Amino acid sequence: MPAYVVVEVSVHDVQTYERYKQLAPPSIAHYGGRYLVRGGATEALEGSWQPPRFVLLEFPSVEQARAWWSSPEYAAAKALRHVSAHTMMLLMDGVPQDDRRPVASVVTSAESSAP
């Protein structure tokens with residue numbers, strides 16, 4: 001089952017964070033991960049959440065994501081991230097492949113009783 005690492009980032013040292021951005025991708029790929037979202041514009045649809053930078057990673061499993069996060073391949077990048085940015089990071093289970101289908105349209109009772 002896939003797993004996701006969701007990260008909100010507030011960068012306070014841009015130069016150091018740029019070095020982090022060079023080191024992190026190879027370590028992510030090494031553990032089967034990939035970027036689904038990496039920066040870019042965000043828009044709050046509800047509430048007032050406005051992350052300065054948002055990253056979403058997908059891994060094949062929770063175990064692979066944990067292995068990446070605590071790996072020697074990621075250690076140098078992680079150290080750079082710690083000194084250059086404040087982050088909030090979540091690891092979460094994804095939806096099994098069999099459950100990844102479009103959500104069916106909901107028919108209201110008014111529509112179902114129409115001639």
Side-chain angles (χ1 to χ4, degrees):
M1 179 166 51
Y4 298 91
V5 175
V6 179
V7 190
E8 179 179 327
V9 184
S10 179
V11 178
H12 53 79
D13 178 344
V14 175
Q15 285 185 315
T16 302
Y17 193 78
E18 286 299 319
R19 291 194 344 249
Y20 165 79
K21 287 175 23 180
Q22 298 300 311
L23 291 178
S27 69
I28 292 165
H30 182 79
Y31 287 86
R34 65 185 182 133
Y35 287 94
L36 297 180
V37 175
R38 186 177 180 185
T42 60
E43 175 185 349
L45 298 178
E46 291 188 28
S48 59
W49 187 27
Q50 294 181 336
R53 181 174 176 82
F54 188 83
V55 177
L56 177 60
L57 302 171
E58 180 182 50
F59 286 89
S61 67
V62 166
E63 293 78 20
Q64 286 293 102
R66 282 189 186 122
W68 160 75
W69 188 81
S70 60
S71 73
E73 292 87 358
Y74 185 53
K78 186 192 294 186
L80 289 174
R81 181 176 50 79
H82 284 165
V83 299
S84 65
H86 172 75
T87 56
M88 293 190 280
M89 187 179 295
L90 295 171
L91 171 59
M92 52 197 331
D93 287 326
V95 176
Q97 187 68 30
D98 293 346
D99 291 341
R100 292 186 190 187
R101 53 186 173 267
V103 177
S105 299
V106 177
V107 178
T108 66
S109 59
E111 291 172 316
S112 64
S113 63

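Keep in mind it's a predicted model, so treat the numbers as computed, not measured.
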L91/V62 under side-chain contact (heavy atoms from CB on, under 4.5 Å): CA gap, chis, key distance, verdict: CA-CA 7 Å; L91 171 59; V62 166; 3.8 Å; yes
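Considering every non-hydrogen atom in both V5 and V7, the closest pair reads CG1-CG2, 3.8 Å. Listed here is the closest heavy atom pair of G33 and P60: N-CD, 4.5 Å. Nearest heavy-atom pair, T42 versus P51, reported as atom, atom and distance to 0.1 Å: OG1-O, 3.9 Å. What you find for S71 and Y74 is that their closest heavy atoms are OG-N, 3.0 Å.
The ring-ring contact (aromatic ring centres under 6.0 Å, His included) analysis of residues 24-53, with sequence neighbours excluded, yields the pairs W49-F54.
Counting heavy-atom neighbours within 6.0 Å of M89 CE, excluding the residue itself, gives a total above 12.
The shortest side-chain heavy-atom distance between E8 and H86 does not fall under the 4.5 Å cut-off. Residues K78 and W69 are in side-chain contact: their nearest non-hydrogen atoms beyond the backbone lie under 4.5 Å apart.
The distance from atom CG of L57 to atom CZ of R38, rounded to the nearest 0.5 Å, is 9.5 Å. With rounding to the nearest 0.5 angstrom, the CG atom of L56 is 9.0 Å from the CE atom of M92. Separation of atoms CG (L80) and CG (L23) is listed at 6.0 Å; rounding is to 0.5 Å. The CE atom of M1 sits 9.0 Å away from the CD atom of E63 when rounded to the nearest 0.5 Å. Distance check, rounded to the nearest 0.5 Å: CG of L36 to OH of Y4 gives 6.5 Å.
With salt bridges taken as basic N to acidic carboxylate O contacts below 4.0 Å, one links E18 and K21.
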